[in-house]
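Reviewing the structure listed below.
In listed order, ligands and their atoms are each counted from 1. Along the sequence shown, residues carry numbers from 1. Side chains are part of it too, since the values below use all heavy atoms of this structure and drop only hydrogens, waters and symmetry mates.
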Amino acid sequence: MRSALGGPRVLLRRLREVMAEPVSAQERLDKIVVLIAANMVAEVCSTYVLRVDNTLELYATEGLNRDAVHLTVLNAHEGLVGLVASEATPLNLSNAQNHPAYSYRPETGEEIYHSFLGVPILRSGNTLGVLVVQNRAHRTYVEEEVEALQTTAMVVAEMVASGELSALARPGAEPAARHSLHQTGSILSDGIALGHVVLHEPRVVITNYIAEDLPKEIKRLDTALAKLRADLDRMLERGDMADGGEHRDVLEAYRMFANDHGWSHKLHEAVATGLTAEAAVERVQSDTRARMLRSTDPYLRERLHDLEDLGHRLMRQLLGQDHAPSREQLPDNAILIARAMGPAALLDYDRKRLRGLVLEEGTSNSHVAIVARALGIPAVGEVPNAAGIAEPGDAIIVDGTSGSIYFRPSAEIESAYAERVRFRARRQAQYLALRDKPTVTKDGQPIELMINAGLVIDLPHIEDTNCSGIGLFRTELQFMVGQALPRSSEQLQLYRTVLDAAGDKPVTFRTLDIGGDKALPYMETITEENPALGWRAIRLGLDRPGLLRGQVRALLRAGGGRALKIMFPMISEVAEFDQAKIIVERELTYLRQHGHPLPERIDIGTMVEVPALLYQLDELLKRVDFVSVGSNDLFQFMYAVDRGNAKVADRFDTLAAPVLRALRDIVTKASAAKKAASLCGEMASQPLGALALLALGYRSLSLSATAHGPVKAMILELDVAKAAAMIKPLIDAPAGSVSVRDKLKEFAEKEGLPL
Ligand code: PEP
Ligand code: MG
């Protein structure tokens with residue numbers, strides 16, 4: 001078996017010299033392939049670069065016909081080179097022609113070469129090209145040689161990613177690494193943002209890839225690994241971790257990986273090829289990420305995520321500094337990209353400069369999405385490898401209206417979006433002009449338009465919109481965004497702040513609606529087959545009354561001397577309402593006995609979001625002071641369709657007759673019973689949904705603050721009596737015979753209603 005001339009370390013040293021030479025990109029690449037071929041005693045060394053049209057172009061060769069350079073172009077999946085690119089793993093063959101994927105290109109003259117070693121040129125798990133060596137003889141390259149070629153590919157990856165090669169390319173055939181790219185993900189928060197990439201966990205910029213002193217690098221790696229392991233042990237021993245729970249499981253998994261011999265062996269192998277310790281970590285990280293991107297097994301992906309996180313930690317150990325971006329010093333128009341992020345981390349960033357958010361993970365129910373919406377930051381989630389595709393400073397567009405992300409957009413896309421942003425800004429200015437107009441329909445019906453809120457950052461919206469109050473304050477958000485259960489003093493403080501901000505305007509506080517899709521990160525998770533139908537909201541509150549009692553007490557204290565409205569979520573039968581009301585009465589008695597100032601007036605109501613309640617309305621309306629329809633859940637339960645499951649969530653129409661009939665029953669019965677009825681689900685935030693609700697008889701809606709302007713603009717133009725007359729026959733028509741949605745749209749168009 002032949003061994004490489006001078007070994008990989010000599011090669012790396014020579015490569016470093018070539019990288020520093022003031023030569024053209026082509027000359028540099030030509031020198032690199034010559035060096036590799038000589039060092040590895042290979043007759044051929046070639047570099048293929050992945051282009052924007054998803055083909056692989058031969059960019060340099062030593063050994064093959066040089067005239068083929070820039071002429072030979074393979075499909076991304078073609079031949080052995082294509083296989084290396086698409087699998088993102090090395091391919092080592094002693095007889096290449098026998099491989100089923102072998103494809104012969106006469107212009108290269110490669111038929112005489114039997115052995116083949118190809119490695120992907122990877123950066124952050126993305127394939128940028130392929131590096132190949134070939135020999136005439138039937139030869140199997142030894143593991144060390146495979147390693148050495150992978151290490152070399154890393155250096156070439158730097159060159160491709162730097163954009164240096166773009167000058168060699170024809171338009172439309174540029175290297176894919178720096179090309180504009182359009183991806184779609186899931187909408188987390190509405191709005192459009194143009195700006196520049198900031199990585200939440202920035203890639204560490206490695207300035208030195210090549211080790212000067214090998215034993216020293218091994219020592220650095222070992223010290224960092226030992227420190228990492230010790231840190232994890234210490235974290236696990238900490239008091240708050242001792243009781244088990246999710247955090248501990250995650251850390252246990254980390255510890256297992258940190259002690260995993262395979263991982264440590266790979267890192268040592270990479271250092272042995274001549275890399276510095278940090279470059280070795282990056283190389284192993286990049287391989288892990290490439291595997292993660294190609295894995296469909298959710299368990300394996302999760303484990304690979306853990307390994308990736310560990311790599312980040314190790315890198316920080318090695319460089320002895322925290323590489324998180326300085327959160328106060330964001331550049332202007334920053335668009336943050338993260339694999340995943342907690343809500344508190346988002347709040348750490350300077351709101352004035354942060355324009356958008358892109359997450360590789362994260363669904364619309366995630367806590368960070370809730371905070372992004374509250375902050376009015378456009379956000380898109382489930383964008384695979386977003387952090388790997390983007391380079392800090394790259395131009396990027398986040399379209400939270402369609403879920404589109406444009407990395408390095410073309411000038412045309414950029415100007416089209418800039419125009420859309422200007423248009424939206426003009427619309428906003430129009431809504432602002434309506435701010436001080438009373439919300440009254442064209443035929444003189446006053447409408448109460450309130451907003452939904454849940455965090456302190458929502459409170460300025462009361463002033464901005466000049467709304468009638470807060471129709472739904474989701475108290476669970478304080479519990480969801482924190483790291484631990486909020487103390488009663490913290491709850492009291494929040495409720496006081498909210499009431500102070502609202503002044504004379506009413507606020508409806510909904511008691512904790514946790515469980516189901518709203519998990520608390522610090523509470524023991526109970527695995528349920530059907531969490532949406534499980535132990536959640538008021539059910540949990542009544543079974544474990546300690547939590548509910550504490551919250552009610554905080555609410556009553558905050559409401560001392562003023563009017564207070566309390567609402568219970570997920571009530572399914574009237575008995576539950578009675579029990580919950582007793583808790584309020586008991587707390588009132590307690591506070592009275594202890595001399596606390598009591599609210600001047602207390603209204604107690606319930607959400608109507610479980611269909612069973614529709615058949616207890618008469619009994620319910622005798623007991624409550626008000627009801628508010630949770631159309632999100634009511635729809636989910638009426639149609640048996642999971643609101644969080646993208647596959648089915650949009651399957652049925654929220655404006656179909658069965659839903660509208662149910663909504664009409666609620667408002668009609670409530671009016672007859674002289675009880676206030678409102679609706680606080682998403683339906684009220686859509687101008688068309690709001691139109692339907694007003695036509696059914698609702699005169700109070702609670703919606704997201706961003707929807708306030710568009711819905712108000714519609715109301716000011718609406719003749720609600722006409723709308724009521726229009727909708728009645730549609731709802732009473734045989735189900736399925738007519739699309740109420742289409743008819744509503746027609747009506748809106750005829751009436752000139754802005755939708
Ligand atoms: C609803 O279900 O419509 C509602 C307003 O409550 P949430 O979205 O918080 O479940
Ligand atoms: Mg609900």
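- The contact set between ligand 1 and Met607, taken as ligand atoms under 4.0 Å from a residue heavy atom, comprises 4 (C), 5 (C), 6 (O).
- We find that Arg420 and Asp399 are joined by a salt bridge, their nearest charged nitrogen and carboxylate oxygen being less than 4.0 Å apart.
- Looking at Glu609 and the Mg ion (ligand 2) together, the shortest N, O or S contact belongs to OE1.
- When heavy-atom distances to ligand 1 are checked against a 4.0 Å cut-off, Leu634 has no atom that comes that close, whether in backbone or side chain.
- Annotation for ligand 1: atoms under 4.0 Å from non-hydrogen atoms of Gly630 are 1 (C), 2 (O), 3 (O).
- The closest approach between Glu682 and ligand 1 stays at or above 4.0 Å for every heavy atom of the residue.
- Heavy-atom proximity to Leu472, at under 4.0 Å, picks out these atoms of ligand 1: 5 (C).
- For Asp633, the N, O or S atom with the smallest separation from the Mg ion (ligand 2) is OD2.
- Residue Gln636 places no heavy atom under 4.0 Å from ligand 1.
- Side-chain N/O atoms of Arg427 and Tyr431 include a donor and acceptor closer than 3.5 Å.
- Applying the 4.0 Å criterion to heavy atoms of Asp633 picks out, from ligand 1, the atoms 1 (C), 2 (O), 3 (O), 10 (O).
- Atoms of ligand 1 found under 4.0 Å from any heavy atom of Cys680, numbered from 1 in the order shown, are 5 (C).
- Remark: the Gln183 side chain and the Ser404 side chain contain no N/O donor-acceptor pair separated by less than 3.5 Å.
- The single protein non-hydrogen atom nearest to atom 6 (O) of ligand 1 is Arg510 NH1, 3.0 Å, given as residue, atom name and distance.
- Using modelled atom types, one finds no donor on one side chain facing an acceptor on the other under 3.5 Å when comparing Thr497 with Asp500.
- Side-chain contact of Ser186 with Glu382: a donor-acceptor pair under 3.5 Å is present, judged by distance alone.
- Considering backbone and side-chain atoms together, Glu476 places no N or O closer than 3.5 Å to any N or O of ligand 1.
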Audit row: Arg699, Glu448, salt bridge (Lys or Arg N to Asp or Glu O under 4.0 Å) steps and yes/no:
CA-CA 6 Å; Arg699 293 295 175 264; Glu448 189 180 48; over 6 Å; no
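- Judged by distance alone, the side chain of Glu490 and the main-chain N or O of Gln478 form no donor-acceptor pair under 3.5 Å.
- Counting protein heavy atoms only, atom 3 (O) of ligand 1 is closest to Asn632 N, 2.8 Å.
- Taking the charged nitrogens against the carboxylate oxygens, Arg741 and Asp653 do have a contact shorter than 4.0 Å, which makes a salt bridge.
- The distance criterion of under 3.5 Å between nitrogen or oxygen atoms is met by Arg643 with respect to ligand 1.
- A side-chain contact (heavy atoms from CB on, under 4.5 Å) with Ile566 is found for one member of Asp625, Thr606, Asp603, Leu556 and no other, namely Leu556.
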